[in-house]
Asks: 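Before we start, here is the structure in question, set down as C-alpha cells.
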Amino acid sequence: MGDLVHYKGGCHCGAVRFEVYAPATLTVIDCNCSICVKKQNKHFVVPLSQFKLLSGHDALTTYTFNTHRAKHTFCSTCGVQPFYIPRSNPDGYGIAPHCLDPTPSRKIKVEKFDGHKWEESFPTSNIASMSKEKK
C-alpha cells in the first residue's frame, strides 16, 4: 500500500479488532456536531479498501439518527467506538486514533470541522476526498 503505515487497533475489551492502512501523519477531524461533541469523536478517514475488521463483527452494534447515513458502530460489550462510517464519507471509515495500538512513529494533525453548520461546511471542506483511493 505504498507509503501507508499498517496500524492495528480495537475496542477496550478486545472483542473488536481491526487493521487499517493510513499515512504516518494522521489528519484527524475535530467535528462539533451534536454526536461528535458528546462522544469526543475525533477521527481520521480512510477508504473502505484500507480497513479490515479482524474480529468482533458479532460484537458490534450500530446507532443511526437524523439522515441515518452515518453508521455509528460500537462494541456491545465495552461501549467503545473504534471506527464508524461517516455521513461525509459513506465510502470510507472514520477511525478513532485513540483506539489504535500504541506506536512511537504516529503523528497527528487536527483539522476543525463545523458540524453545527454541516450543510454549509461540507462543500468547502476536503473531508469527502479523504476516503478516495490515492492514485
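In what follows, every heavy atom counts, from backbone to side chain, and hydrogens, waters and symmetry copies are set aside.
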Asks: Report whether I85 and V28 are members of the same hydrophobic cluster (ILVMFWY, side-chain heavy atoms less than 4.5 Å apart, transitive linking).
Replies: yes
Asks: Apply the hydrophobic cluster definition, ILVMFWY joined by side-chain contacts under 4.5 Å directly or through others, and give me every member besides I35.
Replies: Y63, F65, F74
Asks: Taking side chain as C-beta onward, heavy atoms only, is V16 less than 4.5 Å from P82?
Replies: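 Yes, at least one pair of side-chain atoms sits under 4.5 Å.
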Asks: Nearest 0.5 Å, what's the OG-CD1 distance between S88 and I29?
Replies: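 Separation between the atoms: 7.5 Å.
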Asks: Can you tell me if E19 uses its side chain to pair, donor with acceptor, with the backbone of K8 under 3.5 Å?
Replies: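 Checking the backbone N and O of K8 against the side chain of E19, no donor-acceptor pair under 3.5 Å is found.
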Asks: Quick one, Y84 with Y93, criterion ring-ring contact (aromatic ring centres under 6.0 Å, His included). Give me CA distance, side-chain angles, the key distance, then yes/no.
Replies: CA-CA 6 Å; Y84 79 112; Y93 282 95; 9.1 Å; no
Asks: Which atoms form the tightest heavy-atom contact between R69 and P90, and what is the distance?
Replies: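 Answer, listing the atom of R69 first, then P90: NH2-CG, 3.7 Å.
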Asks: Heavy-atom distance under 4.5 Å between the side chains of N41 and C31, does that happen here?
Replies: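 No, their side chains stay 4.5 Å or more apart.
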Asks: Say whether, by atom type as modelled, one donor and one acceptor occur between the side chain of T62 and the main chain of T73 under 3.5 angstrom.
Replies: no
Asks: For a quick test of reading the model, state the closest non-hydrogen atom pair linking V5 to P23 and the distance between them.
Replies: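 Heavy atoms of V5 and P23 come nearest at CG2-C, 4.3 Å.
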Asks: So, for G94 and P86, which heavy atoms are closest and what is the spacing to 0.1 Å?
Replies: N-CD, 3.6 Å
Asks: Is any side-chain heavy atom of V46 closer than 4.5 Å to one of I95?
Replies: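 A side-chain contact exists here, since the closest heavy-atom pair is under 4.5 Å.
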Asks: Do you know which two heavy atoms are closest between C75 and L60, and how far apart they sit?
Replies: N-CD2, 4.4 Å
Asks: Given the rule in the side chain to side chain contact (heavy atoms under 4.5 Å, CB included) test, do T64 and H72 qualify, once you have shown the distances and angles that lead to the verdict?
Replies: CA-CA 6 Å; T64 67; H72 298 274; 5.9 Å; no
Asks: Tell me if the NE2 atom of H57 is crowded by more than 12 foreign heavy atoms within 6.0 Å.
Replies: no
Asks: Taking L48 as the starting point, is it possible to reach Y7 by hopping between hydrophobic residues whose side chains are less than 4.5 Å apart?
Replies: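 In one cluster: yes.
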Asks: What do you reckon, is NE2 of H12 surrounded by more than 12 foreign heavy atoms closer than 6.0 Å?
Replies: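 It does not: H12 NE2 has 12 such atoms or fewer within range.
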Asks: Does the side chain of T27 reach to within under 4.5 Å of the side chain of F44, using non-hydrogen atoms?
Replies: no
Asks: In the structure I gave you, are the side-chain heavy atoms of R87 and T67 within less than 4.5 Å of one another anywhere?
Replies: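 Yes. Closest side-chain heavy atoms under 4.5 Å.
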Asks: How about D101 and R17: do any of their side-chain heavy atoms sit closer than 4.5 Å?
Replies: yes
Asks: Could you check if a side-chain atom of F83 sits within less than 4.5 angstrom of a side-chain atom of C99, using non-hydrogen atoms only?
Replies: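 No, side chains not in contact.
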Asks: Could you check if a side-chain atom of L100 sits within less than 4.5 angstrom of a side-chain atom of H98, using non-hydrogen atoms only?
Replies: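 The answer is no; the side chains never approach within 4.5 Å.
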Asks: Ignoring hydrogens and angles, tell me if any N or O in the side chain of K52 forms a donor-acceptor pair with the backbone of S49 under 3.5 Å.
Replies: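 A pair under 3.5 Å: no.
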